[in-house]
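Every value quoted in this text rests on a predicted model; they were computed, and no experiment measured them. Every number for a ligand or one of its atoms is a count from 1 in the order of the listing. For reference, positions follow the sequence shown, starting with 1.
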Amino acid sequence: MSKLPLLILNGIPQAVALSKRVHWIGALDPSLRTFDIILKTANGTTYNAYVVRGSEGVAIIDTVKEGYANDFFARLESVARYDEIKVIVLNHLEPDHTGALPELMRRAPQAQLYISQKAQSMLKALLKQDAFSFIPVVTGDTVSLGDCSLAFFHTPYLHWPDTQCTYLPEEKTLFSGDVFGCHFCDVRLFNDEVGDFRFTFEYYYAHIMRPFKEYVNRALDLIEPLLPLDTILPAHGPLLRDQPQRYVQRYRELSRAALQTEISTDEKTLLIFYISSYGNTRRMAEAIYEGAMAVERVRVSLYDLEGSEIAPFVDLIEGADGIVFGAPTINGDAVKPVWDLLSSLAVINLKSKLGGVFGSYGWTGEGVKMVEDRLRGLKLRVPIPGIRIKLIPTEEEILSCREFGHELAQELMGLRQSKVIDMADLA
Ligand code: FEO
C-alpha cells in the first residue's frame, strides 16, 4: 500500500520532502479542464515549485499561478523563512509559474532573481513591474548555495524563448520547467505512485513541444550528458523519481522525424491535398500531380481529404518539403475540410516549406487567395501564384495545371527558372 505524501496538516498546506535538500512547495489544481485555451486537462494540473536548501542559503525554483499563491506560501513557510531565501530561479515566465513572484519578491526582498537571458524582455511585459532586479544567466552559469549549487541550461523554445532548466548536481536532480511535464493532478505526486499518466504526457508533448522538435533535440543534447539522473522535477504533473531517463528517451524518440521513409536525401517530397464536389478540383489535382511527377527526384503524393482523418495528414505534412492544397470555393470561402486541416497544423513546424493552392469555383473564387494567405501566415513559401479555374477545366486549363505542378516541383528542386516551360512537353 503506497503512502500518501502529507500535503495538508491541520488545514495548513505542507511542503513535501523529496530529498535531503529539496522540497516540493507547489499547488494542486484538480478542477482545471482547459489550459492555455487549447489543451484539455482531464483531471486538472499541478503547478510545481521547489525549495532547495544549501548550507549558505535557500533557493526557490519557480512559483505558481496567482490564484494558488496561498498554498505555495504556506508550503514554503513550512520549511524555510523568507530571510533565508538567497536565490529565486524562474525556469520559465509564463503566468502559471510566475503568478506568486511579485509577492515572493516583496516577502524576500534580499533574494536575487535568476532568469535566462531571453527572459529579460518578457519579465517586464508579463509582470508589469519595473522594480525587479535580476541576473540573466546562460548555459554554464552557476550559483552557489554553499554545499550545493545550481547550474543553468538554456533550453529555448521548450516551449517559449525564455525557457531554461536548472540542475542540482549534488543530488543529480534536474528542475526542468515545462519540459517532461504534463497536465495531471494526483495527490500521490510521484510517478511511481500516481495513476496512469502516459496519455497526458504524450498529449502534452504533442501540443506544447512538437512544434519545436529541432529545439527539443538541442536541449536533449544538453540534458543527456547528465544521465543517469536521480530525479527530474518538472513544473507540471508527476515528479519523475522512478527511471527518469525513460522520459528523456521518450522525448528523443518523439523528436525524431516521424518516419524515416525510403526517400533518399537527394529527393524531395510534394504532397497534394484536394477535395472536390463535382470532380473539377480533382481533375486539376490530377493534372498538377502529373506535371510534378515529370520532375526527377520529386516524390509526389495525391490525397483526397475525404479519405482520411486529419491526424495522419498532419504527420505527413510535418515530414514533407512541399504541400499543395486544392480548395474549391463555395459561398465565397474555401471549404471546411481544407480549413480543418490548416487549423491543425499549429503543432508542427512549417517554416520554409513550399506551399501552393489551386481550386475550381463557380462565381467568385476567393478560396484560393484565402488559403494562400493562410499558408503565408503559417510561414510557408508561396512563390507561385495559385491557379483558379471556373467550373469545368478545359483542355488548355488542364495543361496550365500540369505546368503549375511542374513549376512547383522545379521550385522544390531549386530548378525553377523565371518561367520558360514548353507546354508541348507537358501535354
Ligand atoms: Fe507551464 Fe509554459 O507554462
Look at the N, O or S atoms of H97, main chain and side chain alike, and state whether any lies under 2.8 Å from atom 1 (Fe) of ligand 1. yes
Would you say CD of Q117 has more than 12 non-hydrogen atoms from neighbouring residues, nucleotides or ligands within 6.0 angstrom? yes
Keeping to residues at least two apart or across chains, list the ring pair (Phe, Tyr, Trp, His ring centres under 6.0 Å) pairs with something in residues 353-375. none
Does a side-chain heavy-atom distance below 4.5 Å link I61 with V52? yes
Give a rough value, rounded to 10 degrees, for the angle at atom 2 (Fe) of ligand 1 between atoms OE1 of E94 and NE2 of H92. 90°
Checking one value in my table: which N/O/S atom of D96 lies closest to atom 1 (Fe) of ligand 1? OD2
What does the angle at atom 1 (Fe) of ligand 1 come to, between atom OD1 of D178 and atom NE2 of H236, rounded to 10°? 90°
Side chain to side chain contact (heavy atoms under 4.5 Å, CB included) involving E366 - partner list, sequence neighbours excluded: T329, T364, M370
